[in-house]
Amino acid sequence: MQSIQTTHLFSLKEIKPLEKLIPYRQFCLESVQQSLAQGREKRTRCPIDDCQLQPWGEIAGLEWGCCKKTESIFFLPLPAEVSWRELLKKVRGYQLSPNAFYSDIQLSRLENVYAPKKQWIENSLRLQGLRHPIAAVVDSAPSPWTQMLETSSLFSQIHFVDEAKWPGCDCALLFETLDRSFDPRRLLQQLVPNLKKGGLLFVTALVASGFDMKVLGSKSAYLYPPDRANCFSLKGLTQLLESSGLKLIEVSTPGVLDVEVVKAHIQQGWYSPASAFERQLLSSEPEVLNAFQQFLQQTQLSSFARIVAEKI
Amino acid sequence: MKCLIIGFGYMGQIRYRVLKDHPAVRAIRVFDPYVKPTDDSLKTLWIEGEKIPWTEFDAVFVCTPNNRSPQFCMEALQYCRHVFCEKPPGRNSQDLLQIAEAAKAAPGHTLVFGFNHRLHPSVQAAKNLIGDGGLGDILYMKGSYGKSGGARYRESWRNQKEISGGGILLDQGIHLLDIFQFFLGPLKVVDALLRDAFWRCGVEDNAFLLLQSQSGIPAFLHSSATLWKHTFSFEIGCREGYLVASGLLSRTGSYGREQLVIGRRQFEDEALALGNPREEIVYFDRDESWRLEVDEFLSAIQEKRAATHGTLAEAQSVMKLIDEIYLRR
């Protein structure tokens with residue numbers, strides 16, 4: 001198995017500035033509340049190993065639970081599955097609308113988020129000897145990312161799918177898909193049989209085991225439903241993938257923003273450092289903070305996870 | 001398959017560990033009159049006496065000092081069947097020629113040489129990333145491979161010319177030469193500087209080589225027994241980017257964590273940081289090279305086909321290069 005570290009640096013404001021996220025987050029929370037008002041069930045079992053979820057905390061009055069074994073975090077009240085799908089389409093529509101928070105950082109996101117992702121896929125396909133595979137991508141609407149994929153020469157065909165219907169494919173892309181899936185275990189159970197033997201699954205996710213998620217906990221503005229209804233820890237995510245019949249090829253946390261995310265929360269008044277060490281660290285020189293972020297990458301303690309798995 | 005390991009030193013023990021878990025291997029025996037098994041579980045494997053019952057075995061792994069390898073290879077090819085010989089394939093091209101003639105006289109028998117380094121994950125990954133659609137054509141290669149030697153360096157057979165045939169280049173640098181040829185094809189020597197400056201064993205403790213491929217791509221190699229920090233690294237400059245492999249997954253970990261830096265060419269119109277492009281560093285945590293080598297050897301036997309690496313032709317190519325270099329001593 002391999003892990004990857006990146007030296008590609010960019011700032012939080014170039015790709016997901018906190019102050020611009022807040023209105024979108026509020027929209028998501030209100031939409032979730034409206035959806036739950038039409039009916040809800042409380043999730044009680046962990047999608048990784050079916051163990052009983054324990055209480056973890058509340059965000060905007062909504063309950064979250066925790067898997068004790070893997071320390072993954074899950075949003076507990078769920079509406080009907082049909083309502084969940086409608087909810088995802090609704091928030092996706094907001095994301096892609098002209099007034100959404102991504103609109104004026106489009107170019108920056110193309111350079112710093114999508115291009116490196118595309119490069120990662122390209123390198124991984126070459127490393128595993130997969131040339132021009134048929135790809136399945138979970139994405140409900142055209143976006144700059146889907147356009148980039150379509151115009152690249154990486155794939156012989158791309159199928160854009162919803163979670164329920166998987167075509168036969170050589171590789172599949174789940175970019176923050178498991179984070180917002182109604183039933184991530186079932187998604188994998190339906191996907192893996194349609195992935196050819198030796199085919200690759202590319203997964204990205206925000207992980208609860210990462211530095212900023214561990215430090216901020218329920219105060220993290222990046223933790224909200226539906227986008228992060230499932231916040232796996234790295235351990236939980238790898239366990240889920242392996243138990244779905246996949247062999248891990250690469251497990252990395254090449255995030256570059258953990259430290260900056262915590263600092264942004266302090267600046268916005270969302271969080272106060274709990275310990276003297278935190279205060280000391282966060283007030284260190286940029287070289288120290290960069291070195292610390294590199295350490296988080298090398299030791300798989302950043303909150304951005306990237307996994308390549310192979311169907312065995 | 002019934003396998004015989006001749007020589008139960010460092011390499012013999014590695015081959016044993018891989019073979020005992022291999023599904024195609026039914027039995028293993030060991031022939032080494034110089035070593036007594038200390039472990040009870042190994043005692044049953046030992047062949048006593050000085051005669052090898054060749055015909056009992058399907059495949060032989062020759063893991064002996066360089067001066068003994070050719071004789072064992074020739075006998076194994078003649079009286080047994082398939083042969084896996086550790087590098088180097090003898091002390092010089094003359095030794096290898098004898099093995100080649102024995103192989104020619106036994107055409108149905110598989111002969112493979114152990115150049116496992118090209119199967120290391122960083123090397124394999126680099127190979128997959130160059131070329132069309134990847135980092136593009138190679139512009140140059142350079143590499144450094146060396147160790148510190150250690151307190152008992154002078155006593156080792158590897159530094160006694162009548163046994164080994166040469167010094168650090170033949171012992172260790174040969175792997176990097178093989179890797180260079182893996183990427184660039186056959187090479188010729190442009191210049192070579194050999195030194196015996198520290199160890200004074202009568203064989204080189206440092207070799208500096210300037211090489212060139214048939215298409216003119218230059219390569220530079222440093223092989224050393226005076227690298228106080230154990231080092232394995234090579235760099236490949238390509239049209240669209242570069243690769244820097246360093247570290248080797250090994251038993252002691254002394255060569256550092258095995259990794260591959262992948263960098264893309266970026267000029268100032270593509271990014272602000274001219275001369276400081278974004279890189280990804282891939283860390284590898286598993287070395288399957290020993291297993292892959294043995295897998296390929298045994299699969300080639302079972303499938304009655306030519307082996308895909310460690311071939312006689314590759315061995316001859318690298319030994320020819322070393323002979324040319326040693327002529328410049």
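Within every chain, numbering begins at 1; the chains are lettered A, B, ... in the order of the sequence lines, protein sequences first and strands thereafter.
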For chain A, which residues from residues 286-317 of chain B have at least one heavy atom closer than 4.5 Å to it? Arg286(B)

Exercise: do Gln119(A) and Arg278(B) side chains pair donor with acceptor under 3.5 Å: no

I need the single residue from Asn128(B), Val282(B), Ile262(B) that forms a side-chain contact (heavy atoms from CB on, under 4.5 Å) with Asn123(A). Which is it? Ile262(B)

Enter the distance from Ile281(B):CD1 to Thr7(A):OG1 here, rounded to the nearest 0.5 Å. 6.5 Å

Atom pair OG/CD of Ser3(A) and Gln259(B) - distance to nearest 0.5 Å: 10.0 Å

Give a yes or no on this: more than 12 heavy atoms of other residues, nucleotides or ligands lie within 6.0 Å of atom CZ of Arg239(B). no

Applying a strict 4.5 Å limit to non-hydrogen atoms, the region of Glu122(A) in contact with chain B is side chain

Could you have a look at Leu260(B), Val261(B), Leu129(B) and say which one has the most heavy-atom pairs with chain A under 4.5 angstrom? Leu129(B)

Does a donor on one side chain sit under 3.5 Å from an acceptor on the other, for Gln2(A) and Tyr283(B)? no

Between atom NZ of Lys127(B) and atom CG of Leu127(A), what is the distance when rounded to the nearest 0.5 Å? 14.0 Å

Can you list the residues of residues 131-138 of chain B that sit under 4.5 Å from chain A, counting heavy atoms only? Gly131(B), Asp132(B), Gly133(B), Gly134(B)

Looking at Glu250(A), Gln297(A), Arg126(A), which one has more heavy-atom pairs under 4.5 Å with chain B than the rest? Arg126(A)

